[in-house]
Every structure is written in structure tokens, then in C-alpha cells.
Amino acid sequence: MTDSIDAFKKILKDKGLKATPQRVAVHEAMISLGHASADQVGQHIAQNSPVKITVSSVYNILTQMSGLGIYAQRMSANNKMYFDVTVKPHIHLYDKTSNNYLDIEDKSLMEYVTKELGKKKFTGYKVDSIEIHIVCHPTRKSRCSKA
């Protein structure tokens, strides 16, 4: 995760891009939110930043940053694209009721799954990455929905 604005600006500069106020505002929102849709990022910026930006511009910036490897993309069950600041392999607890994601750090489980799937052959396919989404719904108030 690029959790420093200075590190973010350096990545942009290295890629020949400017650290516009809009890009910086989007990144600040993503650092704060962790996982978010363009709508959520736009709402966060509107409530917490003087920067004016449309949701379509937020989406374009999120998609561009995803292409640079700064964010990962996650498609939710409600057919909405969510972006994730954690790009390294990790596990998600996905609340299908609220469409929220929560990162689960379990290094041993990721290593086990990666090792086991590394032994498997899928005819006609090459595995690019392994992502684990555990789909849940709240059984008690605030259980899975705190993402």
C-alpha cells in the first residue's frame, strides 16, 4: 500500500504523471477508506476536501491508478467496481449484505492455498494470481459489515 502522499507523488512522477489536486484527493480518500467504489470516494472527497471532482473523474483516476498497480480492483456482488489499496495477495471477508470488504491477514492460509494451487494444472489456462474472497453476511449487528 502506498500510504504516504509523498510516495504516491513520487510514483506518479516516475510514471510521467502530475500529482494533480484531484489525484491526491482520490488517494487521500483511498488511504482513509481502504476499499471503496468511485461513489464512496467521491462522497468522501466532497465531505472532507475542498477539491471539486466528479464521480466519473474519480472513477477514471481509480482505474488509472489500478493500471499502475497502486490499487487493485474488486467486483462486488452488486456489479459495482471497488478499489483496494492493498495490492499484495491477501484474503477478503466480503459482506454481501452491505457490499463491504474487510482484509484478513492470514499468511499461513495464503501460503497453503498458493502452494496447493501451484501444483494444479488448468488445461488451457495460466494462473495470474490467487485471490480469496470469503463471502459472508452479518449474523449480529456490525459483525462483517465493518470494512
Side-chain angles (χ1 to χ4, degrees), residues 1-20 22-45 48 53-147:
M1 168 170 51
T2 308
D3 56 358
S4 144
I5 295 301
D6 289 335
F8 176 69
K9 287 178 178 180
K10 181 176 179 345
I11 290 170
L12 292 178
K13 184 177 180 184
D14 291 348
K15 300 290 184 181
L17 298 169
K18 293 182 180 183
T20 65
Q22 293 80 10
R23 286 181 178 136
V24 171
V26 166
H27 191 64
E28 287 173 337
M30 284 301 297
I31 290 170
S32 178
L33 298 168
H35 304 86
S37 67
D39 293 331
Q40 291 169 323
V41 171
Q43 183 178 29
H44 187 273
I45 291 169
N48 300 289
I53 187 169
T54 65
V55 173
S56 63
S57 292
V58 169
Y59 182 79
N60 290 338
I61 291 169
L62 290 167
T63 302
Q64 182 183 41
M65 297 304 110
S66 171
L68 296 175
I70 295 171
Y71 310 136
Q73 294 183 356
R74 311 273 176 237
M75 182 61 79
S76 69
N78 67 347
N79 273 342
K80 190 176 254 190
M81 182 64 67
Y82 285 75
F83 295 85
D84 185 351
V85 295
T86 305
V87 294
K88 68 178 178 139
H90 63 287
I91 301 165
H92 283 115
L93 195 61
Y94 173 69
D95 179 347
K96 67 181 183 178
T97 305
S98 66
N99 295 302
N100 286 327
Y101 289 89
L102 178 66
D103 287 342
I104 304 295
E105 294 295 329
D106 189 329
K107 186 177 176 183
S108 62
L109 178 58
M110 282 302 299
E111 287 173 354
Y112 174 78
V113 170
T114 301
K115 178 182 168 195
E116 290 301 312
L117 283 177
K119 297 176 189 176
K120 304 283 185 198
K121 300 293 180 205
F122 302 98
T123 305
Y125 292 92
K126 181 181 182 303
V127 175
D128 294 323
S129 66
I130 297 171
E131 298 180 10
I132 301 173
H133 292 327
I134 301 169
V135 180
C136 68
H137 67 276
T139 57
R140 287 187 267 161
K141 193 172 185 143
S142 299
R143 197 71 188 215
C144 293
S145 60
K146 283 192 172 181

- [ ] Mind listing the closest non-hydrogen atom pair of Leu117 and Phe122 along with its distance?
- [x] CD2-CZ, 4.1 Å
Open item on the list: Check this for me: does any side-chain nitrogen of one of Asp14 and Lys10 sit under 4.0 Å from a carboxylate oxygen of the other?
Closed with: yes
Task: For the student: nearest non-hydrogen atoms of Met30 and Asp84, plus distance - done: CE-N, 4.0 Å
TODO: Could you check Leu33, Ile5, Asn48, Ile45 and say which one makes a side chain to side chain contact (heavy atoms under 4.5 Å, CB included) with Glu28?
DONE: Ile5
Open item on the list: Would you compute the distance between atom CD1 of Ile134 and atom CD1 of Ile91 and round it to the nearest 0.5 angstrom?
Closed with: 5.5 Å
Task: Phe83 side chain reached by Gln73 side chain, heavy atoms, under 4.5 Å - done: yes
- [ ] Over 60° means perpendicular and under 30° means parallel, so classify the ring planes of Tyr71 and His27, tilted if in between.
- [x] parallel
- [ ] State, without any angle test, whether Asn99 and Tyr94 hold a side-chain donor-acceptor pair at a distance under 3.5 Å.
- [x] yes
- [ ] Quick one: pull up NZ in Lys121 and NZ in Lys126 and give me the separation to the nearest 0.5 Å.
- [x] 10.0 Å
Task: Nearest heavy atoms of Ala38 and Leu62, plus distance in Å - done: CA-CD1, 3.7 Å
- [ ] List the atom of Tyr101, the atom of Ser76, and the distance in Å for their closest heavy-atom pair.
- [x] OH-CA, 3.5 Å
Task: Derivation of the side chain to side chain contact (heavy atoms under 4.5 Å, CB included) call for Met81 and Thr63 - done: CA-CA 10 Å; Met81 182 64 67; Thr63 302; over 6 Å; no
Task: Atom pair CG/CD of Leu17 and Gln64 - distance to nearest 0.5 Å - done: 5.0 Å
Task: Gap separating the NZ atom of Lys115 from the OG atom of Ser108, nearest 0.5 angstrom - done: 12.0 Å
Task: Separation between CE of Met110 and CD1 of Ile130, rounded to the nearest 0.5 Å - done: 6.5 Å
- [ ] Kindly assign one of parallel, tilted or perpendicular to the pair His92 and His35, based on the angle between their ring planes and the thresholds 30° and 60°.
- [x] perpendicular
Open item on the list: Working to the nearest 0.5 angstrom, can you tell me the gap between Lys120 NZ and Glu116 CD?
Closed with: 6.5 Å
- [ ] Give the C-alpha distance, both sets of side-chain angles, the deciding distance and a yes or no for side chain to side chain contact (heavy atoms under 4.5 Å, CB included) between Ser32 and His44.
- [x] CA-CA 9 Å; Ser32 178; His44 187 273; 3.3 Å; yes
Task: Pair Arg23-Lys9, side chain to side chain contact (heavy atoms under 4.5 Å, CB included): steps then yes or no - done: CA-CA 9 Å; Arg23 286 181 178 136; Lys9 287 178 178 180; over 6 Å; no
Open item on the list: Looking at every non-hydrogen atom in both residues, tell me the closest pair between His133 and Glu131 and how far apart they are.
Closed with: NE2-OE1, 3.8 Å
Open item on the list: Which heavy atom of Pro138 sits nearest to which heavy atom of Asp95, and what is that distance?
Closed with: CD-OD1, 3.5 Å
- [ ] Applying side chain to side chain contact (heavy atoms under 4.5 Å, CB included), run through Ile61 and Val41 and close with a yes or a no.
- [x] CA-CA 11 Å; Ile61 291 169; Val41 171; over 6 Å; no
